[in-house]
Amino acid sequence: DSLTRSKLFKDDIILSYTGSKYGDVTIMPENDKYHLAPNVAKVTVNENENPYFYYLLMTSSEFQWYLKNYGVGTGQPTIPMKNIRRIPVSHPSLEVQNKIVDIIKPINEKIVQNQEINHHLLEQAISIHKEYCISKADSSFTNVTIKSLSNDVITGKTPSTKIKEYYGGELPFITIPDMHGKVYCVETARYLTPLGEKSQANKTLPANSIAVSCIATPGLVSFLDRASQTNQQINTVLPQENQEYYMYLELLSKSQLIDELGSSGSTTHNLNKGQFEKITIIAPPVESRIKLNNLLKPLFEKIRLNQREIIRLQQIRDILLPKLMSGEISVID
């Protein structure tokens, strides 16, 4: 029956073939408690093949290119099952498959491990913040605004996209997609040249500033890993000295409120700078904020290092994998 056909087993490869997660690929861990959801398909590999190899193959840039070009429709594309079956794939010997997996799988596992560590570190930081700023709140706490707790709040701006010389440099240009699921914006999709930065030099922000999305997808909160600029959908808080980690967690705790304020009364979600700056925070005295900040600092430094390592590991994997798949690098030799 359909329920049996949709049941997932260890090493089944799952492909999202339509919707916002189009092209995402994962491989099932050791369990059989799940069933296929709509918009995803499963690939079950023959017993004499290495399923992890085909999982890697489906994440490769070549396979993803076929997904993009075999998809149909506009907006959110869909790839029909018949088109998935038409995608050509390499089929090396099992020995070669196993060797490629031996090289790439540990890199993927380290990436996942770092992501899990960062998740737990952030949870720990949030718990410490709640203990200090909610459970222990007393008469010494005062109502203040984001503006009064900050050295400044800067709304970003986009350099002219018509001038190609503005883009392709080394200064990160942060937009909302760069912030999703990121404590630090270590990597961005676009970078500005010195000429692009100079076109709006007053928009360059220092490292450890805190970007908050306020238009389109309000409520995302991320640190700037290094000097950067942002687009106009983001308000960036320049925290007071020795209060950056405290301030990050305060803003993160206001994420739902920012989303609600940005969503009210408009089909286009928009929380302007003035409204954002007026959001109220119940804050402990300055001395307590600095003490809390010092307690949080090692957690966030570790998160930052892990995120940087994740980027390096992804770059190594993405360089190695196509060379191994094509045979440019011989795994036998």
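- With sequence neighbours excluded, the residues forming a side chain to side chain contact (heavy atoms under 4.5 Å, CB included) with Tyr22 are Leu67, Pro77, Ile79, listed by chain and number.
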**OP:** Applying side-chain hydrogen bond (donor to acceptor under 3.5 Å, both in side chains), run through Asn235 and Thr155 and close with a yes or a no.
**Re:** CA-CA 4 Å; Asn235 286 311; Thr155 303; 2.5 Å; yes
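- Partners of Ser16 according to the side chain to side chain donor-acceptor pair (under 3.5 Å) rule, which considers only residues two or more places apart in sequence or in another chain, do not exist here.
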Original post:
Yes or no on side-chain contact (heavy atoms from CB on, under 4.5 Å) for Ile111 and Arg317, after CA distance, side-chain angles and deciding distance?
Top reply: CA-CA 10 Å; Ile111 290 170; Arg317 178 196 62 194; 3.7 Å; yes
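- Under a cut-off of 6.0 angstrom, the local environment of NZ in Lys21 is sparse, with at most 12 non-hydrogen atoms contributed by other residues, nucleotides or ligands.
- The shortest side-chain heavy-atom distance between Val212 and Phe276 falls under the 4.5 Å cut-off.
- At least one side-chain heavy atom of Ser209 sits less than 4.5 Å from a side-chain heavy atom of Thr236.
- Note that CD1 of Ile281 is 7.0 Å distant from OG of Ser253, once rounded to the nearest 0.5 Å.
- Of all the heavy atoms in Met28 and Phe9, the pair that sits closest is CB-O, 3.2 Å.
- Under the 3.5 Å distance criterion, the side-chain polar atoms of Ser326 are matched with a main-chain donor or acceptor of Pro322.
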**OP:** Could you walk me through whether Asn118 and Val183 pass side-chain contact (heavy atoms from CB on, under 4.5 Å), step by step?
**Re:** CA-CA 9 Å; Asn118 279 0; Val183 176; over 6 Å; no
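- Put simply, the side chain of Cys185 does not reach to within 4.5 Å of the side chain of Ser228, judged on heavy atoms.
- With hydrogens and angles disregarded, a donor-acceptor distance shorter than 3.5 Å links the side chain of Ser127 to the backbone of Glu123.
- Ion pairing of Asp225 with Arg308 is present here, as a side-chain N (NZ or NE/NH1/NH2) and a carboxylate O approach within less than 4.0 Å.
- Considering only heavy atoms from C-beta on, Tyr54 stays 4.5 Å or farther from Thr59 through its side chain.
- Shown here is Ile282, whose CD1 atom has no more than 12 heavy atoms of other residues, nucleotides or ligands within 6.0 Å.
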**OP:** Check the pair Tyr246 / Glu250 against side-chain hydrogen bond (donor to acceptor under 3.5 Å, both in side chains), numbers first and verdict last.
**Re:** CA-CA 6 Å; Tyr246 158 76; Glu250 284 289 356; 3.1 Å; yes
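- Considering only residues two or more places apart in sequence or on other chains, Ile128 meets the side chain to side chain contact (heavy atoms under 4.5 Å, CB included) condition with Gln124, Tyr132, Leu292, Leu295, Leu296, Leu299.
- Side chains of Ile27 and Ile14 form no contact here, defined as non-hydrogen atoms less than 4.5 Å apart.
- The two residues Ile234 and Ile176 have their closest heavy-atom pair at CD1-N, 4.2 Å.
- Classification of the Phe223-Tyr248 ring pair by plane angle, with boundaries at 30° and 60°, yields parallel.
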Subject >> Test log, rule side-chain contact (heavy atoms from CB on, under 4.5 Å), inputs Lys291 and Asn294 >> reply: CA-CA 5 Å; Lys291 181 180 178 181; Asn294 290 335; 5.7 Å; no
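- Relative to the six-membered ring of Tyr70, Arg86 meets both conditions, a distance below 6.0 Å and an angle of at most 45° to the axis.
- At a cut-off of 3.5 Å, with distance as the only test, a side-chain donor of Asn208 or Arg304 sits close to an acceptor on the other residue.
- Looking at Asp138, its side chain does come within 3.5 Å of a backbone N or O of Ser140 through a donor-acceptor pair.
- Proximity of Thr188 to Gln229: side-chain heavy atoms (C-beta onward) are nowhere separated by under 4.5 Å.
- Listed for the Gln275 side chain is a donor-acceptor partner under 3.5 Å among the backbone atoms of Asn272.
- In this structure a side-chain-to-backbone donor-acceptor pair under 3.5 Å is missing from Gln233 to Thr175.
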**OP:** List the steps, then state whether side-chain contact (heavy atoms from CB on, under 4.5 Å) holds for Gln307 with Lys182.
**Re:** CA-CA 8 Å; Gln307 274 198 239; Lys182 303 294 193 304; 3.9 Å; yes
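- A donor-acceptor contact closer than 3.5 angstrom links the side chains of Thr44 and Asp12.
- The stretch residues 191-220 participates, sequence neighbours left out, in no salt bridge (Lys or Arg N to Asp or Glu O under 4.0 Å) pair at all.
- Between the side chains of Thr280 and Asn143, not a single donor N or O lies within less than 3.5 Å of an accepting N or O.
- Between the Gln243 side chain and the Asn293 main chain, no donor and acceptor come within less than 3.5 Å of each other.
- Remark: side-chain polar atoms of Lys273 are paired, donor with acceptor, to backbone N or O of Val153 under 3.5 angstrom.
- Nearest heavy-atom pair across Pro172 and Ala227 is CD-O, 3.4 Å.
- The neighbour count for Glu62 CD, taken as heavy atoms of other residues, nucleotides or ligands under 6.0 Å away, does not exceed 12.
- Sequence neighbours left out, the pairs with a member in residues 102-113 that pass salt bridge (Lys or Arg N to Asp or Glu O under 4.0 Å) are Lys110-Glu309.
- Remark: Glu131 engages no residue in a side chain to side chain donor-acceptor pair (under 3.5 Å) (not counting sequence neighbours).
- Side-chain atoms of Thr145 never come within 3.5 Å of backbone atoms of Ile279 as a donor-acceptor pair (strictly under, hydrogens ignored).
- Across all their heavy atoms, Thr193 and Gly168 have their closest contact at CG2-C, 4.0 Å.
- Heavy atoms only, all atoms of each residue included: Leu220 and Met179 are closest at O-CE, 3.4 Å.
- In the displayed structure, Gln314 atom CD is contacted under 6.0 Å by more than 12 heavy atoms of other residues, nucleotides or ligands.
- Side-chain contact between Lys157 and Asn231 is absent, with no heavy-atom pair separated by less than 4.5 Å.
- Inter-residue side-chain proximity for Asp178 and Glu187 is flagged as unmet; no heavy-atom pair is nearer than 4.5 Å.
- For the atom pair Leu313 CG and Ile107 CD1, the distance stands at 7.0 Å (nearest 0.5 Å).
- Side-chain N or O atoms of Ser150 include one that pairs as donor or acceptor with a backbone N or O of Ile146 at under 3.5 Å.
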Subject >> Step-by-step side-chain hydrogen bond (donor to acceptor under 3.5 Å, both in side chains) determination, Gln97 to His91 >> reply: CA-CA 8 Å; Gln97 293 179 33; His91 183 252; 4.6 Å; no
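- Across every non-hydrogen atom of Leu94 and Asn50, the tightest pair is CD1-N, 3.7 Å.
- Checking side-chain atoms of Gln232 against main-chain N and O of Thr158 turns up a donor-acceptor pair under 3.5 Å.
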